[in-house]
There are 2 protein chains.
Amino acid sequence: MKSYHHGNLKQELIDCACKMCERDGYTKLSIRSLAKESNVSQTAPYRHFKTKEDLYAEIAKEGFNKLYKTISKVKSKNIEENLIFLGEEYVAFGVKNANTYDLMFGTAVTDFTKYPHLFQAANQTYHHLLSLFTEYSSNKDSEFISETCIDLWAKMHGLVGLLRKLEVVPSKLLDMPDTPFMALNSINNDLNSYIKKFIRATQ
Amino acid sequence: MKSYHHGNLKQELIDCACKMCERDGYTKLSIRSLAKESNVSQTAPYRHFKTKEDLYAEIAKEGFNKLYKTISKVKSKNIEENLIFLGEEYVAFGVKNANTYDLMFGTAVTDFTKYPHLFQAANQTYHHLLSLFTEYSSNKDSEFISETCIDLWAKMHGLVGLLRKLEVVPSKLLDMPDTPFMALNSINNDLNSYIKKFIRATQ
DNA sequence: TTTTTAATGTTGACACTGCTAACATATTCA
DNA sequence: TGAATATGTTAGCAGTGTCAACATTAAAAA
């Protein structure tokens, strides 16, 4: 039944790669294993991705699109609630899709601008935050707004990075006051109120 | 002149690995290339590091020690100034030593607690921030303090992640108001006042 | 001091990787 | 219909992490 030409191999490879990346981490993802899992020859992916970085960029792009979808689900008419929702969803996304998040923000893809689709997907996400905060903020100075957006973003981004350590660390460390894990754990257990706090602090 | 036994190979390998890692990034660092650069046989490193992860852990440990040294250089008797100094040095370290920073906070070393020396080095860094902030804060509630430390840390950590993108991005994007890069760039150009702001905001 | 043992080095090999070249087959379009 | 192009396969290179077997030396035990 299987014909020589596949028909939709590129997208299928991307989908498969996304799954594999999230499952095993992008360092374990090899083009060969991807080809095997997709039932094509070892070098078939090279017809669609010139280098491994191209494949990474594709996965990262999908990641940003997924992130955008996630955080742009409007919940209520209250802007502040939406912002808080955005924050929660952002952090949850980063922790849940940790391996993909690595690809999106790490150094595996060095130059974003080499991949217009990726760049546009990433920027779309930023714009959503920007427009939501513009609506929210009483200070309408554009410099203030863009700087505060970076502020919020950095905090969410940093929090993702730190929270992920929680999942690796032995649970007994979560009670040790001499480590950052106790505080991280308590933040993690009530993420909503934590995010509420730092969004309200911007007003 | 060269004897069969090296004498101090382990530390020399670590030093060499640190240099190579920072120069090329940890993904490009191979045990074999490390061995070659250190003028020993391909498998000599395996007498000192069971796996590549062990080597990574060693590099990360050195990174934390270097970071600790950097941020703990006391500057003045004014605590706030010291905290600001810490923030600046932290962010500068992360941006300057980007590749090492990846190893310290990324997923290359999955379980910190497998490497007590690394864990201790990382914790030492956290403790320094904690004790400095304890001194600084007027609110002496320990929960407030530890949470705010995570806060500060997340922000510095997140900022490092975002600022690094600046170095990769084509410079023409730095003027585009539709991207986050303009705001990032202006923050980067006056890091001191930015950090001042967010440290004072904790008071 | 001598002898045994353990530490630290080397060579060779295996399975895996990214990637290229050469070739095979199917699709598109002049 | 036929030529150009897109998309697939097989074979192979150089480089990788890691292991087993062996060589040399330093440290410990006799």
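A quick note: this is a predicted structure, and the numbers were derived from the prediction, not measured. Letters go in sequence order (proteins before strands), and every chain restarts at 1.
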Engineer: Whole-Å distance between dT16(D) C1' and Leu34(B) CG?
Structural biologist: 13 Å
Engineer: Tyr46(B) OH to dC19(D) P: how many Å, rounded?
Structural biologist: 7 Å
Engineer: Given dC19(C), dT10(C), dT16(D), which nucleotide is nearest the side-chain atoms of Ser41(B)?
Structural biologist: dT10(C)
Engineer: When you match Arg32(B) and Arg32(A) each to their closest nucleotide on DNA chain C, which lands nearer the 5' end?
Structural biologist: Arg32(B)
Engineer: Search all heavy atoms of Asp151(A) against all heavy atoms of Lys155(B) and return the closest pair with its distance.
Structural biologist: OD2-NZ, 2.6 Å
Engineer: How are the rings of Tyr194(A) and Phe198(A) set relative to one another: parallel (under 30°), tilted (30 to 60°) or perpendicular (over 60°)?
Structural biologist: perpendicular
Engineer: What I want to check is whether the side chains of Glu53(A) and Thr110(A) have a donor and an acceptor closer together than 3.5 Å.
Structural biologist: yes
Engineer: Return whichever of Ile31(A) or Arg47(A) has its heavy-atom-nearest nucleotide of DNA chain C closer to the 5' end.
Structural biologist: Ile31(A)
Engineer: Nearest whole Å is fine: how far is dT8(C) P from Lys50(B) NZ?
Structural biologist: 13 Å
Engineer: Across the strands shown, which category fits Ser30(A) at heavy-atom distances under 4.0 angstrom: base, sugar-phosphate, nothing?
Structural biologist: sugar-phosphate
Engineer: In whole angstrom, what separates Leu13(A)'s CG from dT7(D)'s P?
Structural biologist: 12 Å
Engineer: Answer with base, sugar-phosphate or nothing: what part of the nucleic acid does Thr43(A) contact at a heavy-atom distance below 4.0 Å?
Structural biologist: base
Engineer: Let me know the distance between NZ of Lys28(A) and P of dG17(D), rounded to the nearest Å.
Structural biologist: 13 Å
Engineer: Does the side chain of Thr107(B) pick up a donor-acceptor pair with the side chain of Asp102(A) at under 3.5 Å?
Structural biologist: yes
Engineer: Whole angstroms only, please: what is the NZ-P distance between Lys36(B) and dT16(D)?
Structural biologist: 8 Å
Engineer: Check whether the side chains of Glu88(A) and Asn192(A) place a donor and an acceptor atom closer than 3.5 Å, and report yes or no.
Structural biologist: yes
Engineer: Would you mind reading off the distance between Asp54(B) atom CG and dG17(D) atom C1', rounded to a whole angstrom?
Structural biologist: 13 Å
Engineer: dG9(C) C1' sits how many Å from Leu9(B) CG, rounded?
Structural biologist: 9 Å
Engineer: Ignoring backbone atoms, test whether His48(A) places a side-chain nitrogen or oxygen under 4.0 Å from the OP1 or OP2 oxygen of dG8(D).
Structural biologist: yes
